[in-house]
Amino acid sequence: MIDTIVAPAADALTEEAIDPLLDLEAEIDRLRRERNAVILAHYYQEGEIQDLADFVGDSLDLSRKAAATDADMIVFCGVRFMGEVAKILSPRKTVVIPDAEAGCSLEESCKPDVFRHFRAQHPDHTAVTYINCSAEVKALSDVIVTSSNAEAIIRQLPADKPILFAPDRHLGAYLARKTGREMTLWPGTCIIHEQFSERELVKLKTRHPDALVAAHPECPAPILDHADHVGSTRAILDFVLGSTARTFIIATEPHLIHQMEKAAPGKTFLAAPGADGTCDCANCPFMAKNTLEKLYLSMLNRAPRVEIPEALRVQALAPLERMLELSPPPAVPARDAA
Ligand code: CIZ
């Protein structure tokens with residue numbers, strides 16, 4: 001795989017060398033001004049990172065922000081493929097990520113060489129690829145989708161061509177059921193959405209009979225079968241804020257609940273449980289690699305920095321631009337409409 005990350009210089013400040021008395025938030029603010037930086041944070045980030053970001057959102061929202069920003073530096077607090085998307089869309093900006101090791105189990109499951117072979121075996125298919133993949137896999141795809149726009153995009157694709165969907169088989173199976181399209185699925189899964197236990201979810205619902213269940217389509221079908229609402233992080237947020245119900249069980253990475261609690265402090269949000277009955281199992285270990293210290297260092301050191309060879313960037317840009325063209329316009333979220 002092509003390495004798209006430039007490491008900090010050998011003499012760059014390290015975490016161990018940060019003055020423990022430093023006011024990190026003030027320093028991040030200073031660097032934000034000095035570097036003309038915009039900080040983008042995914043809903044799966046720690047609350048303290050979400051709170052100091054300029055924008056918090058899902059991959060689609062944040063891709064649009066990255067494409068439109070006039071900042072000189074994009075600081076992407078999420079996982080590596082999200083930083084790559086920002087660089088593909090905004091090649092003249094400096095794009096940094098707090099931790100180069102913040103990967104993604106879906107991306108890991110889909111190595112470019114194996115994906116190339118998979119495509120070659122299905123030459124008459126349209127390759128629809130979830131944004132959770134490497135730049136190289138994007139470059140081999142016809143169109144990229146996120147969980148916010150996948151259904152709408154698939155409905156616009158030529159009906160006479162079967163679809164290859166990679167890398168999340170649960171999301172692909174959900175989309176095949178919703179759209180009635182024939183799909184060949186790559187066998188990848190997200191390690192966090194795989195953790196939820198149907199048995200424990202049913203027990204939790206029994207204890208909270210009025211609670212509505214909102215689940216992400218990366219969850220296995222037995223979890224989705226119990227959901228009152230299935231959607232992307234952004235759609236789940238809009239659902240719980242627009243609903244008159246008071247209690248919700250949330251089956252996705254639980255840091256999304258931070259935005260819910262801020263916007264609807266009177267409602268109760270319960271994280272869906274794993275097999276041991278607790279909710280900790282669904283914390284994404286990759287998202288958790290980002291900390292305020294690493295965020296500060298990435299801005300100070302201008303690294304880890306995303307750099308993508310131009311030929312690869314141009315190839316990966318085409319299916320991303322197709323995604324942006326085919327995406328429904330951003331809806332006004334329930335929380336902003338009031
Ligand atoms: O699209 C994203 O950002 C992811 C990874 C999940 C979601 O539904 O927002």
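Remember, it's 1-based here, ligands and their atoms both numbered in the order they're listed.
- Residue-to-ligand polar distances keep T146 apart from ligand 1: every N/O pair is separated by 3.5 Å or more.
- Side-chain contact between L157 and V128 is present, with heavy atoms from C-beta onward closer than 4.5 Å.
- Among all protein heavy atoms, the one lying closest to atom 9 (O) of ligand 1 is T233 OG1, 2.5 Å.
- Although no hydrogens or angles enter the test, the distance criterion places a donor-acceptor pair under 3.5 Å between the side chain of N290 and the main chain of G78.
- Ion pairing of R305 with E307 is present here, as a side-chain N (NZ or NE/NH1/NH2) and a carboxylate O approach within less than 4.0 Å.
- Taking the charged nitrogens against the carboxylate oxygens, K203 and E200 do have a contact shorter than 4.0 Å, which makes a salt bridge.
- With respect to R234 and D61, a salt bridge is recorded, a charged nitrogen being found less than 4.0 Å from a carboxylate O.
- Here the protein heavy atom with the shortest distance to atom 6 (C) of ligand 1 is H216 NE2, 3.4 Å.
- Residue H42 has at least one nitrogen or oxygen atom sitting less than 3.5 Å from a nitrogen or oxygen atom of ligand 1, judged on distance alone.
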Q | Residue pair R80, E101: steps toward the salt bridge (Lys or Arg N to Asp or Glu O under 4.0 Å) verdict | A | CA-CA 8 Å; R80 199 173 45 227; E101 302 301 319; 5.2 Å; no
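- Near S232, the atoms of ligand 1 lying under 4.0 angstrom from a non-hydrogen atom of the residue are 8 (O).
- Polar contact check, S147 against ligand 1: a nitrogen or oxygen pair lies under 3.5 Å apart.
- An N or O contact shorter than 3.5 Å links S59 to ligand 1 by distance.
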